[in-house]
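Predicted model only: the values in this text are computed from it and were never measured. Reminder, nothing fancy here: chain letters follow the sequence lines and each chain counts from 1. Note: hydrogens, waters and symmetry copies are ignored here, and every other heavy atom, side chains too, is used.
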There are 2 protein chains.
Amino acid sequence: MSNQERLLVELTDAVGCCSPLVREPLSAEQAVELSRLFKAMGDPVRLRLLSLIASHEGGEACVCDLSGVFDLTGPTISHHLKVLREAGLISGERRGTWIYYRIEPDALRRLSAVLVPDVAAAGPA
Amino acid sequence: MSNQERLLVELTDAVGCCSPLVREPLSAEQAVELSRLFKAMGDPVRLRLLSLIASHEGGEACVCDLSGVFDLTGPTISHHLKVLREAGLISGERRGTWIYYRIEPDALRRLSAVLVPDVAAAGPA
DNA sequence: AGCTTGTTTCGATATTCGTTAAGGCAGACC
DNA sequence: GGTCTGCCTTAACGAATATCGAAACAAGCT
């Protein structure tokens, strides 16, 4: 068993009871903030965009790498990227001709922090 | 920083490099299926409903436990519960007068599996 | 029957998704 | 400098979908 695996097992044992989602009701404010993230990911095109950007070489991708994948026009891709940007899930930077997008790790961290303990609950009783 | 907090940080750091979402592009089919879950959770009321049910005593709650929390009418709560039900996130069962809702762990597990390296598979060797 | 609990139906309003057309920015070329 | 061309965004608009409440409906208990 690797160090990381051991760590993960320790974690799942340690926080199984303490997920923000499962331990106690979310506050209205927490729910509003979190739902913005979930909502932005609640579209198949945006989920794939997110995944394409994240898995692209160097952790970043320009729009030209993305728009060819879908059967959608440029403005539509641009719109979905804007939704992801405004949710804080990605950030864009212009370098010369192209605009490069990359993942904002903090946003994904917040999401997984809500969900991970449920994985733990599914583990050894 | 507590032991548990340190562990959580370790795990969430792993999300940035190893989660399925980040490792390779999602297929169109995966994206459609996953986005249904995210979409259902993309509303603050539904997120709180989910959390209220999950954190309620015995892991289940009747609608009467839920509707009082919000400034919304019964039919609206019923509507949101239906959305969660059709997304497979919760299930309802009638017992006498009341209908009890509980979390469907599989759905949350699928969500976690996208964001987080395979924690469950990292069980005791 | 009457009462309680929860859902369904229907209608009004608001938001989202995708298109076409137009605008902004950077580089190439004269 | 001026004007092309390519890349991406913004603006404007229609169609589809989501959100919510009032009224009507179903299911169970006394």
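- For R46(A), the listed nucleotide lying nearest its side chain is dC17(C); candidates were dT9(D), dT7(C), dC17(C).
- In this structure, R95(B) reaches neither bases nor backbone, as no heavy-atom distance under 4.0 Å exists between it and the strands shown.
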Identify all pairs in which a protein N or O lies below 3.5 Å from an N or O of nucleotides 21-27 of chain D, and state each distance.
unit_1  : atom_1 : unit_2 : atom_2 : d
dG21(D) : OP2    : T73(B) : N      : 3.1
dG21(D) : OP2    : T73(B) : OG1    : 2.9
dG21(D) : OP2    : T76(B) : OG1    : 2.5

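- Residues in residues 56-79 of chain A take part in these salt bridge (charged side-chain N to carboxylate O under 4.0 Å, His left out) pairs, two or more places apart or across chains: E60(A)-R95(A), E60(A)-R102(A).
- Look at K39(B) and you'll find a side-chain N or O under 4.0 angstrom from OP1 or OP2 of dA18(D).
- A donor-acceptor pair under 3.5 Å is formed between the side chain of Q30(A) and the backbone N or O of S27(A).
- Residue R85(B) has its side chain nearest to dT7(C) when only dT7(C), dA18(D), dT15(C) are considered.
- Rounded to an integer number of Å, the gap from CZ of R48(A) to P of dC17(C) is 16 Å.
- Rounded to whole angstrom, the span from the CD1 atom of I99(A) across to the C1' atom of dG27(C) amounts to 14 Å.
- Toward the 5′ end of DNA chain C lies the nearest nucleotide of D43(A), the other residue of the pair D43(A) and G96(A) mapping further downstream.
- Across the protein-nucleic acid pair, L47(B) atom CG and dT19(D) atom P stand 13 Å apart, rounded to whole Å.
- In this structure, the CG atom of L81(B) is 13 Å from the P atom of dT19(D), given to the nearest Å.
- Side-chain atoms of H80(B) lie closest to dC20(D) of the nucleotides dC20(D), dT8(C), dC29(D).
- For the pair F70(B) CZ and dT19(D) C1', the computed distance is 15 Å after rounding to whole Å.
- Within the structure, every side-chain polar atom (N or O) of T97(A) is placed at least 4.0 Å from both OP1 and OP2 of dA26(C).
- If you take CD of E86(A) and P of dT15(C), they are 14 Å apart, rounded to a whole angstrom.
- The shortest heavy-atom contact between Y101(A) and R85(A) is OH-NH2, 3.4 Å.
- Atom CE of M41(B) is separated from atom P of dA18(D) by 18 Å (rounded to the nearest Å).
- A donor-acceptor pair under 3.5 Å links the side-chain atoms of S67(A) to the main chain of V63(A), judged by distance alone.
- Side-chain proximity of H79(B) to the nucleotides dC8(D), dT19(D), dG6(C) is greatest for dT19(D).
- A salt bridge links R110(B) to E33(B): one of the charged nitrogens lies within less than 4.0 Å of a carboxylate oxygen.
- When heavy atoms are screened at a 4.0 angstrom cut-off, Y101(B) is found touching the sugar-phosphate backbone but no base atom.
- Taking every heavy atom of both residues into account, R46(A) and L84(A) meet most closely at O-CD1, 3.8 Å.
- When atom types are taken as modelled, the side chain of S55(A) and the backbone of S51(A) share a donor-acceptor pair closer than 3.5 angstrom.
- Between the CG atom of L84(A) and the P atom of dC8(D) there is a distance of 16 Å, rounded to whole Å.
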